Asker: 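Got a structure for you, written out below as C-alpha cells; questions coming shortly.
Keep in mind that the numbers below use all heavy atoms, side chains included, and drop hydrogens, waters and symmetry copies. The sequence lines fix the lettering, A, B, ..., with proteins before strands; numbering per chain opens at 1. Keep in mind the model is a prediction, meaning the values are calculated, not measured.
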2 protein chains.
Amino acid sequence: MTGGATQPAIRATLEDVARAAGVSLATVDRVVNRREGVRAKTVARVEAAVAKLGYRADVAAARLARGQTFRFAFVLPTGSNSFMTNLSEQVQRTADWLAGQRGFIDILHVDVFDPDVLAGALETLSPAYQGVAVIALDHPRVRAAIDELVGRGVAVVTLVSDAPSSRRLHYVGIDNPAAGRTAATLMGRFLAGREGTVAVIAGSLSLRDHTERQFGFHQILSSEYPNLPALPVIEGRDDSDRTRELTAALLARHADLRGIYCCGAGNRGIADALEASGRAREVVWITHELTQYTRRFLVRGTLDAVINQDPGHEARSAARVLLAHCSGEPISADQERIRIDIFLRDNLP
Amino acid sequence: MTGGATQPAIRATLEDVARAAGVSLATVDRVVNRREGVRAKTVARVEAAVAKLGYRADVAAARLARGQTFRFAFVLPTGSNSFMTNLSEQVQRTADWLAGQRGFIDILHVDVFDPDVLAGALETLSPAYQGVAVIALDHPRVRAAIDELVGRGVAVVTLVSDAPSSRRLHYVGIDNPAAGRTAATLMGRFLAGREGTVAVIAGSLSLRDHTERQFGFHQILSSEYPNLPALPVIEGRDDSDRTRELTAALLARHADLRGIYCCGAGNRGIADALEASGRAREVVWITHELTQYTRRFLVRGTLDAVINQDPGHEARSAARVLLAHCSGEPISADQERIRIDIFLRDNLP
DNA sequence: CGATTTTTGAGGTACGCAACTAAAATTCTG
DNA sequence: CAGAATTTTAGTTGCGTACCTCAAAAATCG
C-alpha cells in the first residue's frame, strides 16, 4: 500500500503563519489577500511560511468575517409546462440551500416569452440584487435590458435559453444544436436502413433553443441519413391539444412516417395521437426533457428516447456561478457544463 | 410580474430569535439544537419565533464554532486504466475543495483487485479516519473488513464497485445491471432487423460490476433481440494487448459478427483490431467509460456509444456523503444518485 | 410548607478570518 | 538632520454560532 501524502491533522491558521513568519496577523492577512502596503521582503517571508505550513484559508471563517450577503433574482416563466415546473422546484431547493450560505434567492414569475414583458421585468428589477438568472429570449430589447443590468454591475447568467450576443456572464444550459444532432443520430440509427419520412415538431420557431435543436437535427439527418427525408417543421406551441391534432394529421397523411422528433413540449398530445393510431411501436419518437409524463411514455415503449437537461444541475449551477462571481472566486468550467443526457427506458434515474 | 416571497434583507440571527421569543440566547440554543431541559411551552414559543423570522443557522458560523475537522481515506487502485486515473485526479480535486471545508482526504493506493491485500489495507487503516471511500470487492474478507470498520464507528462508502451485503453506509456508483441493459438496448436498436452474432468482452467475471453489466446485457439481448445471439463471454483482463488478440480472433472466426459489447477496459486493443480488420464501421461497438481514448474512437466512428459514469460526480458525491454523515446532516438521495450517461459522437461534453 | 428537581437566564469563551485604527518604521524634504 | 509625509506593521474588534458554567427562578413533590 502506498500512502497518500498526509496533511497535518490540524490545519494551520493565519496565526500560525504569522508566528512562523515573525510578523503580525494583519500583515499575513494583507499578503494572502493581496492587499497593498507590504514590503517585497516581508511578502516573501510570509509566502514561505504559507507554503511551509500548507496554509489554506478556512472558507467558513472567511465568509463569517466578511459578513456579506448576496441576493439573487431568478426570473422564471409563469405557469408553464412540466419542465419549467420542475425547474421552479429545483430553484426553490437551491434557494433553501443558499439560505444557509448567506445567499437569498427571490423567484420572479414573468411571461418570459413576451420580449417586452421580460425586458420590462429586467429593467425594473430592484437594485438590491447582485445577480440575476434569467430564462432569456434572444431579442434586441431583452439583450439591451441584460446589458444594462451588467453595466450596473449586476451579474447576469442566462438559464436554459441563452442570449449569446448580450453581455451576460455565463450561459447555464445545454448546447442546443448538439442536442438536435444527438436526436438525429439516435433517430437515424434506430431506423437503420429503413425508408420513410421524419416529422419535426417545434414549440415555436421564434424560440432560439427550438430553432437550434431543429437546425442540428436537420444537419445530421440530411447529411447522414438520406433514406429519411424530413417533413417541413410544424409548430405545436408547446400545447398538448395542438400537438395531438397535428400528430394525428401527420399520421393520417403520411403512411410512410417513420419518426417524430419533438424539440419542445406538448408531449402528452403526441403520445395520445401515437397510441390512438396503433403505430406507436413502429414510429420512432424522440423528444426532450424527462418529466413524469415522458418517463411514463418511455417505460411504456411509446417514446424511444429522451434528450434531457437536468433542471437540478441547472438551478444549482446558476446559483454557484452567481455566488462565485460575487465573491470573486473562480468557477470550474467543467463542473458547470450542463450535459446532454440521453435517457432510454433502461437508464432512467 | 409576480414577485417571489421576499425574505428579509438581513438574515435573522439566534439573538433576534431570542428577543422575539422573549427568552435568552441559551434557551434558543437549547431548542434549535434539540438539547434537554426546556419546557414544552417554551419550546413552542421559540419555534414560533424561528418560523416567524425564518431563522436558519448560518452554516459558516456553525462550522466555525463547532470546529470539528474530518479526515477521510480514499482507497483507490494502484496504477491502472484511464478511468481509474481520471478518478484519482477527481478525488485529488475534491480533496483540494474539502481542504477549505475542514476536511482532509488521504488517497491510499492499493491493489484493490486482490481481496487479501484490500482487506488488509482496510484492517490496518489508521483510526484517525472518520470515513472511508473504497472501490470494493464483493468478497467475504473485504466485507468483514468493511463491517469491522463500520463497527468501529467509521463511515464507509463503496465507490464504483459495491459490496452490497456489507454494512457500508452508501454506494456511490451506477446501477451496473441497468448499464448493461442500456448497452443491450442500444446494440439491439442500432442493429435493428439485422441478423448476426454479438460478442461480449468482460475484464474478469470475478469482478462484480463486470458480471452485473454482462448479466443485464444478456437479459435484454436474449429476450428482446432474438435475431442477435450472443457468443460466450470472453475475459480480456482489462488489458489492451489481450483484447486486441481476442478481438482479432473474434473477427476472423465469426464472419457474421455484428456487435461487440465491452463491459470493462482494454478499449485500445479492441479499436486496433477493429480498425485493422476494415470492419470498424459495420460492427457496432459499445463500451464503458469516457476517456481520452474512447472519446477519440467515438469521434472517429469506430466506437458507436459509450456508457459512462462521471468520475467527478462520484468523487464529489462520496466526499459529500461522508461529510454529511459525519456532521449529522441528511443527504439528498437524488442529488447523490450517479447517472448512467450515454455518449454518442454528438453529445460529447 | 419546605425540600428537591427542573427549567431558565446571564455571561463567557472560542472558532479563524477580515477589516479597521493606531502606532511604528521608513523615506522624503528643505 | 529635524520634521513631515508616507509606507509598513501591530493591535483590536466583530461576525454568528456552539458549548460551557453558575446561579436564579420556577415547578414539582413529599
Asker: Under 3.5 Å, which N/O atoms of the protein pair with N/O atoms of nucleotides 17-21 of chain C?
Answerer:
unit_1: dC17(C); atom_1: OP1; unit_2: Y55(A); atom_2: OH; d: 2.6
unit_1: dC17(C); atom_1: OP1; unit_2: D58(A); atom_2: N; d: 3.3
unit_1: dC17(C); atom_1: OP2; unit_2: L14(A); atom_2: N; d: 2.6
unit_1: dA18(C); atom_1: OP2; unit_2: D29(A); atom_2: OD1; d: 3.2
unit_1: dA18(C); atom_1: OP2; unit_2: N33(A); atom_2: ND2; d: 3.1
unit_1: dA19(C); atom_1: OP2; unit_2: R35(A); atom_2: NH1; d: 3.0

Asker: Round to a whole Å and report the spacing from CZ of R45(A) to C1' of dT9(D).
Answerer: 11 Å
Asker: Return the value, rounded to whole Å, for the distance between atom CD of E36(B) and atom P of dC20(D).
Answerer: 14 Å
Asker: L64(A) has an atom CG; how far is it from atom C1' of dC15(D), in whole Å?
Answerer: 4 Å
Asker: What is the separation between atom CZ on R19(A) and atom P on dG16(C), rounded to the nearest whole Å?
Answerer: 11 Å
Asker: Could you work out, with ring pair (Phe, Tyr, Trp, His ring centres under 6.0 Å) as the rule, every residue matching H325(A), not counting sequence neighbours?
Answerer: none
Asker: Indicate whether any N or O donor in one side chain lies under 3.5 Å from an N or O acceptor in the other, for Q309(A) and R339(A).
Answerer: no
Asker: Output all residues satisfying side-chain contact (heavy atoms from CB on, under 4.5 Å) with T85(B), sequence neighbours left out; order by chain, then residue number.
Answerer: none
Asker: Kindly say whether V23(A) contributes a backbone atom to a donor-acceptor pair with the side chain of T27(A) at under 3.5 angstrom?
Answerer: no
Asker: So, OP1 or OP2 of dG9(C): does either fall under 4.0 Å of a side-chain N or O from T27(B)?
Answerer: yes
Asker: For K41(B) and dA25(D), what is the distance between atoms NZ and C1' respectively, to the nearest whole Å?
Answerer: 14 Å
Asker: Apply ring pair (Phe, Tyr, Trp, His ring centres under 6.0 Å) to H170(A) and list each qualifying residue two or more places apart in sequence or on a separate chain.
Answerer: none
Asker: Given axes from five pairs at either end, by how many degrees does the helix from dC1(C)-dG30(D) to dG30(C)-dC1(D) bend, rounded to 10°?
Answerer: 30°
Asker: Tell me, please, which residues at least two apart from N86(A) pass side chain to side chain donor-acceptor pair (under 3.5 Å).
Answerer: none
Asker: Using whole Å, report how far CZ of R102(B) lies from C1' of dA14(C).
Answerer: 11 Å
Asker: Under the side-chain contact (heavy atoms from CB on, under 4.5 Å) test, which residues partner D111(B), sequence neighbours left out?
Answerer: T78(B), F113(B), D114(B), V117(B)
Asker: Identify, with sequence neighbours excluded, every residue that meets side-chain contact (heavy atoms from CB on, under 4.5 Å) alongside A18(B).
Answerer: V28(B)
Asker: What side chain to side chain donor-acceptor pair (under 3.5 Å) pairs are there with at least one residue in residues 41-52 of chain B, not counting sequence neighbours?
Answerer: none
Asker: Base, sugar-phosphate or nothing for G100(B)? Non-hydrogen atoms, less than 4.0 Å.
Answerer: nothing
